[in-house]
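Numbers here simply count residues along the sequence, with the first being 1. Predicted model, so just to flag it, every value in this text is computed and none were measured.
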Amino acid sequence: VKRGYLGVGIQPLDEGIADSLGLPKNNGELISRVEPGEAAAKAGVKQGDIIVKVNGKAVTPDTTLSFLVGNLPVGTRVPLEFIRDGKRQSATVVLGERPSEEQLASIVAPEGDSFKPNDDASNASATRESLGLSVQPLTAQISQQLGLRVPVKGLVVGGVDPSSDAAAKGLQRGDIILSVNYKPATTPADIAAAASAAKAAGRTNVLLFLQRGNTPARYIAVKLRQG
């Protein structure tokens, strides 16, 4: 059976991620990765977009993006509705053919257990800032130490306060923060500015785009520390 394929990585819009974006939870799915040359990329879909409708049908936990797309024939022209920068937009995609499970596995490493709760006591000395993280710019030397195969720009986590939500979400020393609330993270001031903006907007989370080693980056919402 040939199934439709967008060529994207997706994450559910859980409560934390939805709060960080000022959106209702479970209303759509977040695009964490767009495969070059596939249907979504050709239609202009970008990493960070939230797909809310496929062919006029709402994307929900019960009616997922994968389900809606996978039940349409290859070559179908499908209208998508998505949110980008807080604005609802639309595009039409021509569905490709879903690769076999073996091919999909070779495209991207499993993401499910990339981030696990971290109980490393050595992180106790991490600075207690808005997220309970200590960070520093990612230099070429640090990239080499981390064994990164592809150069990236961001902040490397030097420590995590074990009492923070960041620790509970599984962040650990050596993780790379690529962006915060969709804005590039290249200095600690970028984190502070995003935290201040989120507090001013009445939100309790910020959205980090995180990479660990050479595994695919994914979005994680982290609660702001109170006080």
Side-chain angles (χ1 to χ4, degrees), residues 9-34 45-52 59 61 81-89 111 114-118 123-138 152-212 216-227:
I10 53 179
Q11 293 182 229
L13 204 66
D14 63 24
E15 187 171 0
I17 292 176
D19 173 80
S20 72
L21 298 172
L23 297 172
K25 68 176 181 178
N26 296 329
N27 182 18
E29 289 186 323
L30 177 62
I31 302 300
S32 61
R33 186 187 70 258
V34 179
V45 174
K46 296 181 179 180
Q47 171 203 301
D49 288 345
I50 298 110
I51 308 294
V52 292
V59 176
E81 288 186 32
F82 57 92
I83 297 171
R84 179 184 295 167
D85 298 329
K87 298 178 182 178
R88 196 168 282 244
Q89 301 186 34
E111 296 180 0
S114 295
F115 292 86
K116 294 181 178 178
N118 175 29
N123 286 331
S125 62
T127 55
R128 295 172 177 268
E129 307 231 353
S130 55
L131 298 177
L133 297 173
S134 61
V135 296
Q136 65 185 89
L138 180 64
V152 296
K153 293 182 179 180
L155 294 167
V156 64
V157 175
V160 185
D161 187 325
S163 66
S164 66
D165 185 59
K169 295 287 174 63
L171 273 72
Q172 64 186 40
R173 180 181 174 89
D175 287 342
I176 303 161
I177 302 173
L178 303 175
S179 72
V180 54
N181 285 352
Y182 289 152
K183 294 183 179 179
T186 55
T187 71
D190 295 329
I191 302 286
S196 296
K199 287 180 179 178
R203 298 173 188 169
T204 58
N205 291 262
V206 295
L207 186 65
L208 304 180
F209 194 48
L210 287 162
Q211 178 174 322
R212 176 169 296 168
R218 62 188 287 112
Y219 289 99
I220 294 181
V222 176
K223 288 184 180 178
L224 294 164
R225 297 171 70 92
Q226 301 301 313

Inset, instruction - For the pair Ile51 and Glu29, evaluate side-chain contact (heavy atoms from CB on, under 4.5 Å) and give the outcome as yes or no after the intermediate values. - result: CA-CA 5 Å; Ile51 308 294; Glu29 289 186 323; 5.5 Å; no
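Going from atom CD1 of Ile191 over to atom OG of Ser134 covers 11.5 Å, rounded to the nearest 0.5 Å. Between atom OH of residue Tyr219 and atom CD1 of residue Ile10 there is a gap of 14.0 Å, rounded to the nearest 0.5 Å. Going from atom CG of Leu23 over to atom CD1 of Ile17 covers 11.0 Å, rounded to the nearest 0.5 Å. To the nearest 0.5 Å, atom CZ of residue Arg218 and atom CZ of residue Arg212 are 10.5 Å apart. We find the CG-CG distance between Leu155 and Leu138 to be 8.5 Å, quoted to the nearest 0.5 Å. To the nearest 0.5 Å, atom CD of residue Gln47 and atom CD1 of residue Ile31 are 10.0 Å apart.
When all heavy atoms are compared, the tightest approach of Ala166 to Leu133 is CB-CD2, 3.8 Å. The heavy-atom pair separating Ala198 from Val206 by the smallest distance is CB-CG1, 3.9 Å.
In this structure, Ile177 and Asp175 have side chains that are not in contact, with every pair of non-hydrogen atoms separated by 4.5 Å or more. For the pair Leu13/Leu21, a side-chain contact is recorded, criterion being any heavy-atom separation below 4.5 Å from C-beta on. Between Val180 and Leu207 there is no side-chain heavy-atom pair separated by less than 4.5 Å.
Listed for the Arg225 side chain is no donor-acceptor partner under 3.5 Å among the backbone atoms of Leu131. With hydrogens and angles ignored, the 3.5 Å screen pairs a side-chain donor or acceptor of Asp14 with a backbone N or O of Gly16. Side-chain atoms of Arg203 come within 3.5 Å of backbone N or O of Ser20 as a donor-acceptor pair. For the pair Asp19 (side chain) and Thr204 (backbone), a donor-acceptor distance under 3.5 Å is present. Between the side chain of Ser32 and the main chain of Gln11, no donor-acceptor pair closer than 3.5 Å is present. Tyr182 places a side-chain N or O within 3.5 Å of a backbone atom of Gly48 that can act as its donor or acceptor partner.
Between Val222 and the options Leu210, Leu208, Asn205, a side chain to side chain contact (heavy atoms under 4.5 Å, CB included) holds for only Leu208.
Using a 4.0 Å cut-off between charged nitrogen and carboxylate oxygen, Asp49 and Arg84 count as a salt-bridge pair.
The environment of CD in Gln89 is crowded: more than 12 heavy-atom neighbours from other residues, nucleotides or ligands sit within 6.0 Å.
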